[in-house]
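See below for the structure under consideration.
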2 protein chains.
Amino acid sequence: MTTKLGHLAEMADGHRSPEVEFLLTQGHERHFKIGEHLITEGETTDYFYDILDGTVALARNGRDGRRQILSFMSARQFLGAASTPNYPNLATALTQVTAISYPRSALEKALATTPGFASEFRVVLTRILESAHDHVYTIGQRSAVERVASFLLYLRANQARFSPDGPREKSNHVELPMTRLDIADFLGLTIETVSRAFSSLKKSEVISFKDSHSCDILNIDRVRNLGGRDDFTDNRGSSYD
Amino acid sequence: MTTKLGHLAEMADGHRSPEVEFLLTQGHERHFKIGEHLITEGETTDYFYDILDGTVALARNGRDGRRQILSFMSARQFLGAASTPNYPNLATALTQVTAISYPRSALEKALATTPGFASEFRVVLTRILESAHDHVYTIGQRSAVERVASFLLYLRANQARFSPDGPREKSNHVELPMTRLDIADFLGLTIETVSRAFSSLKKSEVISFKDSHSCDILNIDRVRNLGGRDDFTDNRGSSYD
DNA sequence: CGTAGTTTTGAGGCTTATCAACAGCCGTGG
DNA sequence: CCACGGCTGTTGATAAGCCTCAAAACTACG
């Protein structure tokens, strides 16, 4: 078996062009230890990443210590969309992370010359936007327990969709590689509130923990009722289901 | 002077191709009255819009009556990014709205054949994503008064950037074409809390109202301090400044 | 001038944040 | 081996901020 090529290479597969070939040659596998930054705030947007393995938190920091995590990203997700010459956000490895870095210039050239590739890329970008909209709804409208339930569905969907070996069936086991603080900063809550929400879900036997970073969903309907897109006829194939 | 062509036509200007020309011929000017929907929940994504005039609210509705407004859109903004065959959201005219509708198929073809056009479009999409991230930060981390201050900066920046006749200087006068309920649903608050936040800002002489939908910023530094991206060295040219 | 809709203001209650203590887990070092 | 400190997570008590309910003020419009 050859070395892993990542999702970008996979996407490029149907859309060969010299510029895409060149882009792929420019990819370099990089490894990050827990706590290391893939991207720092203010850094130039010269590189972007295709994550192969591990989990990354993309966060925005306020100077007064406030922090909002914008997304958790894992295998087969792209990190580094930007319209400006400097990144406004911070990307931190929550686990050991393997990612391929590509020079943005090579990406831009590949996109500018290979329309089919650009189209796929645009779809990915649109999905990221839709996920951000889900996030806005969750934070803006849902209560603490609902947010936590919603978060479990988010992780579950992502673990299925962005599994290292490609999409697979959703399982009722959810890994939480992040700390309670990370979860709190993602959901706009405090660690205590997150902890209490988990406890409450445990007590009502909706979920159970093997340890604090590994959770089983015992009653998926109940979780969906709380955090799911009960909002719609949920056939849009997007997140949180 | 010719009829208005919209932002899309403007963007296409440097990137002529038969498919772009065709796309432009497919645009139809449409008018919407207050309360009319440009897009309804679940509707097929066959059309997308280039707004010429007026203000539109893009919202997601929960079945229990909860509603989250995802963005307010006005002249020179695009409505209708979607990765799926059905729109998950609802777009409602808050004022009289004039917009050009384009068939998505023609847009896709133009994007697929005209890389320069596709690149500009991708930048626009990325900006929308960054704006959604700002929104997540605001709702997740800021207090009620801060959210309202942030909202004023958001409107102010949008009114400058998306003025019908192209970008202009920011003014300290802000029009609020939406109701308090719309503002509340955008910020994840209630109408009462929004109203109280405005009152508080009035009392401290940070802003003043001509009437309830027209506001002057008296102390922009104070507003920036509360709601602005004091968070960063604010040179990323994005929203909320 | 009266009615309907929106906005503001007030009083009280609930959810979540804050502050604080404690429990569990691990690596280090005695 | 156990003792220790540091870190993360849980639980409890209290307080703050926002929501809910209610009513009054203002606006628009017939």
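Residue numbers begin at 1 in each chain, while the letters A, B, ... track the order of the sequences.
A close approach under 4.0 Å does occur between a side-chain nitrogen or oxygen of B:Ser199 and OP1 or OP2 of C:dT9. Phosphate contact (OP1/OP2 of D:dC19, side-chain N/O of B:Thr193, threshold under 4.0 Å): present.
Under the 30°/60° scheme for interplanar angles, the aromatic rings of B:Phe48 and B:Phe78 are found to be tilted. Classification of the A:Tyr154-A:Phe72 ring pair by plane angle, with boundaries at 30° and 60°, yields tilted.
For D:dG9, the base has no donor-acceptor partner in the side chain of A:Arg196 [N/O atoms by modelled type, under 3.5 angstrom].
Distance from the side chain of A:Ala144 is smallest for C:dT16 among the nucleotides D:dC19, C:dT16, C:dT8. Nearest nucleotide to the A:His213 side chain, out of D:dA22, C:dT18, D:dT8: D:dT8.
Atom C1' of nucleotide D:dC19 and atom CZ of A:Arg142 are separated by 19 Å, given to the nearest angstrom. The nearest whole Å value for the distance from the CG atom in A:Leu187 to the C1' atom in C:dT16 is 13 Å. For the pair A:Leu181 CG and C:dA17 P, the interatomic distance rounds to 13 Å; values are reported in whole Å. Between A:Glu192 atom CD and D:dA15 atom P the separation is 16 Å, expressed in whole Å. The CZ-C1' distance, from B:Arg180 to D:dA25, rounds to 14 Å in whole Å. One atom, CD1 of B:Ile207, and another, C1' of C:dT8, lie 14 Å apart when rounded to the nearest Å. Between the CD1 atom of A:Ile191 and the P atom of C:dA20 there is a distance of 14 Å, given to the nearest Å. One can place CZ of A:Phe198 at 8 Å from P of D:dT10, the figure rounded to the nearest angstrom.
Classification of A:Asp50 and A:Arg76 as a salt-bridged pair fails, no side-chain N sitting under 4.0 Å from a carboxylate O. Using a 4.0 Å cut-off between charged nitrogen and carboxylate oxygen, B:Arg66 and B:Asp185 do not count as a salt-bridge pair. Taking a cutoff of 4.0 Å between a charged side-chain nitrogen and a carboxylate oxygen, B:Arg67 and B:Asp182 qualify as a salt bridge.
Residue-level contact check: A:Thr179 touches the backbone only, with heavy atoms under 4.0 Å from sugar-phosphate atoms and none from bases. Within 4.0 Å (heavy atoms only), B:Ser212 reaches sugar-phosphate atoms of the nucleic acid but no base atom.
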